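Just below is one structure, and these are the notes that go with it.
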Amino acid sequence: MKNREVAAILARTADMLQIKGDNPYKIRAYRKAAESVYHLDEDIAILYEKGRLKNIPGIGDAVEAKIEEILKTGSCAYYDRLIREVPAGLLDMLAIPGLGHKSVKLIYDNLKTETLDELGEACKEGKIRNIPGLGVRTEENIIKGIEEIKQRGKKINLGIALPLARELLDYLQKSPLIETASVTGSVRRGKAQVSDIDLLLASNTPKAVHEYIKAFPAVSRTDYIEPDLVKGQLGREIAFEAIIVPPPDFYHSLVWTTGSKEHRKRIFAGFDRRDFEGSDSEAEVYYRLGMDFIAPELRENAGEIEAAIDGSLPKLVNAADIKGDLHVHSNWSDGSERIQDLAAAARSRGYQYIAITDHSRSLPISGGLTEERLQAQGKVIDALNNETDDFHILKGSEVDILKTGELDFSDPVLKDLDIVIASVHSHFKLEPRQQTERIIEAAKNENVDIIGHLTGRLLSRRSGYEIAVEEIIEVCARCNTALEINSHPDRLDIDENIARTAKEHGVKVAINSDAHHKKELDFINYGVITARRGWLEAKDILNALNRDELR
């Protein structure tokens, strides 16, 4: 059982305890344990074998016993008991934006609704508005939230799908039965959310490959659909397909399976698969089609075919182009690492700089800094910078954009910082005009360098708020304000479409991790994928500049 699966059980335990109104210290303990396990560098099963579970921050005797039981059996009696006491549908309700544990419990206590469908019916019948403390607005938001959940279906975020796909790919590449293998489909294109994981395998022994796939530890079910196709499930809920082709067909099949339906329909029109047999690369397939090689992230029939024919495809940004991270949180606010440890981790990645951008004072729940603490943090950063010449820590802030468009710190305070990211963290339901004006006001401020996670979306949880995106981009272009691709896989905000529009208007983009833990610096790779999907080149990226150019 992987770290993320153990962490998920601990987090769901905390959710069920919170719905029950249990001891807040116990709830906090399970949440802390879930977070610690999720961020572990080592395999939790190995730590268990070595008797080192208690070395994990936040793991006490009670939680340690639960983790041991989970590792041995895949669950634990305490968790199973809570599932019987708290209907599973109540946990599904927590996915509705703005509906917290207290509200879910309040609704259940009054109406005994146990599923999203029952909750939706209660809303349509006007029952929610009559529950004290809720009202008509809550009822309307629940209806909208349920519709969003149904539209998303069972899609999973790239941050879950891609690591799983790579784990399975690594396993497959170790088999002598398989000559070549690749992740393919929407995961390879880097879509923010995908329906399943697709892999393409080159083998002359498909039946034996099927048996090999079944032996992968994370595979919970397989169906041998056809001689060249295996379908199944990874873990509890992630579908996968393994397509098996003869080795000579691998590269043209990879082009076919990677591209969107519209892309492959257009490029292969009038061709036969025999036209591509024996191709030794995807580049050769595109050459035979009369085109330049098209990167997987661009294969969406969004102008890339025309650009490939006339030789005008962009030279897409790569992870190696990134010289530093401009949005990182330390343990001065809601991060979990010391500044010097974040700096060391960034330096080990080959970065030239990192920006510490802890939250501002209006976010007390996130440990937002007062002006005095921000000044004190600056002195710590100065001292650390005096210790090295080849790496620099930038003094920054993720300052809150208030409801009026004013910023949470005064201009004199912001002026003294190296970098300022202005972000919305509250009042998500303002009218579109007011929300737009609020962000424009911040973008106009001469001390603001970057607008953070522009739309406020949380994939699988919250749609972005309604704003006039192009109008904001035009202001950013006039005021030399950059936009951020927030690389957290739950955000990926801005998306590829907004990124491409920003490029067209000459607006720089910063690809940032928004890391709250040193391991999360790796999130930046998801942002690079999004930037590539948005046709961005290194010259479009703020933090592709070296340290001197950036300053």
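Residue numbers start at 1 and run along the sequence shown. No experiment lies behind these values; they were computed from the predicted model shown.
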Are the side chains of [Y] and [X] in contact, using a 4.5 Å heavy-atom criterion?
X: R137; Y: K429; answer: yes
X: I322; Y: V528; answer: yes
X: H327; Y: S513; answer: no
X: D325; Y: L521; answer: yes
X: K323; Y: N543; answer: no

Would you say [X] has more than 12 foreign heavy atoms packed within less than 6.0 Å of its [atom1]?
X: E306; atom1: CD; value: yes
X: E431; atom1: CD; value: no
X: E466; atom1: CD; value: no
X: E504; atom1: CD; value: yes
X: E371; atom1: CD; value: yes
X: D389; atom1: CG; value: no

Check ion pair [X]-[Y] (N to O, under 4.0 angstrom):
X: D22; Y: K26; answer: yes
X: R433; Y: E471; answer: yes
X: R12; Y: D15; answer: no
X: D493; Y: R457; answer: no

| message | Go through it in stages, so that I can follow the logic: the residues are I197 and L162, the test is side chain to side chain contact (heavy atoms under 4.5 Å, CB included), and I'd like the CA-CA distance, side-chain angles, deciding distance and then a yes or no. | response | CA-CA 8 Å; I197 291 170; L162 185 55; over 6 Å; no

| request: Run through Q377, K395, E398 and flag the one making a side chain to side chain contact (heavy atoms under 4.5 Å, CB included) with I356. | output: Q377

| Identified side chain to side chain contact (heavy atoms under 4.5 Å, CB included) partner of L542 from the options V509, L326, L483 | L326

| query | When you check the side-chain N and O atoms of N512 and E484, is any donor under 3.5 Å from an acceptor? | reply | yes

| field | Geometric class of the H359/H329 ring pair [parallel <30°, tilted 30-60°, perpendicular >60°] | value | parallel

| message | Checking salt bridge (Lys or Arg N to Asp or Glu O under 4.0 Å) between R533 and each of E297, E300, E304, which is the one that passes? | response | E300

| field | Distance flag, aromatic centroids of H516 and H488, threshold under 6.0 Å | value | no

